[in-house]
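This report concerns only the one structure given below.
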Amino acid sequence: MSATPIPTPSSPPPDILRAASMELVVTDLAASRHFYVDVLGLVVTEEDGEAIYLRTYEEFIHHNLVLRAGPVAAAAALSYRVRSPEDLDRAVAFYRELGCRVERRADGFVTGVGDSVRVQDPLGFPYEFFHDVQHVERLAWRYDLYTPGTLVRLDHFNQVTPDVPRAVKYMEDLGFRVTEDIQDEAGTTYAAWMRRKPTVHDTAMTGGNGPRMHHVAFATHEKHNILAICDTLGALRMSDRIERGPGRHGVSNAFYLYLRDPDGHRIEIYTQDYYTGDPDNPVVTWDVHDNQRRDWWGNPVVPSWYTEASLVLDLDGVPQPVVARTDSSEMEVTIGADGFSYTRKGDAPDELPSWKQGEYKLGHQL
């Protein structure tokens, strides 16, 4: 446990249903619109010269993604839907007891959402909570509009924070449960996956310099939808937008693809994780040296995936300062100069085949 844990409020937390939306600041609204709408196929709910409101095909609330024009690319809000209007009162009390900055607007901070609370949470992230929303047409049955790579839901966020156990304890106080994590024999926690809806996660806490936003993930129905997105990007000569994958995660068991948008914001396309809703759902802990934890096929993780992430803003729109992680880096202990990974636990470092050893060491990639 961290030497400076975040205290547990006596006030009950809001009853969070799911990760529902993210607001991203982008520096070129037209370029971002082309990427998210023309290439990835998200649906425009409405737009103006300042912002674009987008949703996935199975969504019935106004939006899952807001693209807002601004001078610095960053995440402005990680938004959760809560069960009732009274949960907004609980959010205010919970965060005020923690001494956090809290703002509430009866008419919402963005189009399509009513009474909302935004906070600068103890980890430095801009969280938003809302219940009242404008309903829009759910396009789940509009197969005439589907593309081979249709995005159907917003699935989760991933946050970079220096002290993962500290973050986990705070998120558990907020009502989240750990489903999977990555640790080493010394007890260092490198990442944790936490959920409210009954899947693997609504957000993950990844160890690194933070607070930063690692990615926002959108789901498809099947893995062939992800392969179709790769084919589309190749056909458009946009393969440089693919940062990592496609592949199968060990953690979460999901099929994945990581993309970078025109501002470098990371987007995951995600499918086929598993149900976690039972109260005795077992936590899965992975060894940080297991090279199948991040990719079930044992493919290497590109260094940028560990080191790069988006800035996050405070409630005034100012980028939050980034604090360095002091615990061990997952990248350094697994693919750094002295890193070690295994396929079968108990194998010696030199038992990893020669054609794999180079892939996992910085400086060996061509």
Side-chain angles (χ1 to χ4, degrees), residues 1-8 122-125 158-174 176-195 200-201 203-212 214-215 244 249-253 276 281-309 322-353 356-364:
M1 184 65 68
S2 169
T4 56
I6 297 164
T8 300
L123 306 178
F125 290 95
N158 187 305
Q159 303 168 238
V160 185
T161 187
D163 188 333
V164 175
R166 181 173 184 263
V168 166
K169 189 264 182 187
Y170 149 66
M171 293 297 286
E172 287 176 332
D173 289 344
L174 191 55
F176 285 73
R177 290 173 55 189
V178 175
T179 58
E180 304 198 28
D181 62 12
I182 295 174
Q183 299 186 28
D184 63 18
E185 290 183 352
T188 302
T189 303
Y190 295 86
W193 284 254
M194 308 191 74
R195 66 93 174 166
V200 172
H201 58 318
T203 196
M205 294 295 171
T206 295
N209 301 341
R212 292 182 297 163
H214 192 274
H215 66 263
R244 181 181 165 210
H249 284 308
V251 174
S252 81
N253 195 44
T276 63
N281 179 73
V283 176
V284 178
T285 294
W286 294 79
D287 184 340
V288 71
H289 297 291
D290 184 344
N291 68 22
Q292 293 186 208
R293 74 200 183 285
R294 292 291 190 181
D295 184 278
W296 188 238
W297 307 335
N299 289 322
V301 181
V302 294
S304 64
W305 193 90
Y306 284 119
T307 59
E308 298 179 11
V322 174
V323 176
R325 176 172 166 88
T326 56
D327 286 345
S328 300
S329 156
E330 184 178 350
M331 183 182 77
E332 289 304 317
V333 301
T334 57
I335 67 171
D338 298 315
F340 165 58
S341 294
Y342 67 78
T343 301
R344 291 158 296 275
K345 192 167 179 64
D347 285 356
D350 60 0
E351 290 184 62
L352 200 66
K356 282 292 186 184
Q357 290 180 26
E359 289 186 297
Y360 288 93
K361 304 304 175 188
L362 296 181
H364 284 265

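We count residues from 1, following the sequence as given.
- Closest of all the heavy-atom pairs between T4 and R166 is O-NE, 2.8 Å.
- For Q183, the side chain to side chain donor-acceptor pair (under 3.5 Å) criterion is met by D181, not counting sequence neighbours.
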Which is it for V168 and V178 under the side chain to side chain contact (heavy atoms under 4.5 Å, CB included) test, yes or no, and what are the steps along the way? CA-CA 8 Å; V168 166; V178 175; 3.7 Å; yes
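- Inter-residue side-chain proximity for I6 and L123 is flagged as met; some heavy-atom pair is nearer than 4.5 Å.
- A cation-pi arrangement is found for R244 relative to W305, the charged atom lying closer than 6.0 Å to the ring centre and inside a 45° cone about the ring normal.
- Here the closest heavy-atom approach between residue V160 and residue G207 is recorded as CG1-C, 4.4 Å.
- With rounding to the nearest 0.5 Å, the separation of CD in Q292 from NE2 in H249 is 14.0 Å.
- Between the OG1 atom of T161 and the CG atom of N209 there is a distance of 10.5 Å, given to the nearest 0.5 Å.
- Between T276 and R177, the closest side-chain pair of non-hydrogen atoms is not below 4.5 Å.
- Of all non-hydrogen atoms in P162 and A324, the two that sit nearest each other are CB-O, 3.9 Å.
- Separating the OH atom in Y306 from the CE atom in M331 is a distance of 9.0 Å, to the nearest 0.5 Å.
- Judged as a salt bridge (charged side-chain N to carboxylate O under 4.0 Å, His left out), and not counting sequence neighbours, the contacts of D287 are K345.
- Side-chain contact between D163 and P165 is present, with at least one heavy-atom pair separated by less than 4.5 Å.
- In this structure, T334 contributes its side chain and S341 its backbone to no donor-acceptor pair below 3.5 Å.
- With a 4.5 Å cut-off on side-chain heavy atoms, I182 and W193 count as touching.
- Side-chain atoms of T8 and K169, non-hydrogen and from C-beta on, do get closer than 4.5 Å to each other.
- Residues D327 and T188 bring no donor and acceptor atom of their side chains to less than 3.5 Å of each other.
- With sequence neighbours excluded, the residues that form a ring-ring contact (aromatic ring centres under 6.0 Å, His included) with H289 are F340.
- With rounding to the nearest 0.5 angstrom, the OG atom of S252 is 10.0 Å from the CZ atom of R294.
- Nearest heavy atom pair, residue V251 against residue E180, reads CA-OE1, 3.3 Å.
- Across every non-hydrogen atom of P7 and D173, the tightest pair is O-OD2, 4.1 Å.
- Side chains of Y342 and N291 form no contact here, defined as non-hydrogen atoms less than 4.5 Å apart.
- For R325 (side chain) and G210 (main-chain N/O), no donor-acceptor pair under 3.5 Å exists by modelled atom type.
- Taken to the nearest 0.5 Å, the CG atom of L174 stands 11.0 Å off from the CD atom of E172.
- Electrostatic pairing of R344 and D347 counts as a salt bridge here, judged by a charged N lying under 4.0 Å from a carboxylate O.
- Checking each of T206, V333, V164 against Y190 for a side chain to side chain contact (heavy atoms under 4.5 Å, CB included) leaves exactly one that passes, namely V333.
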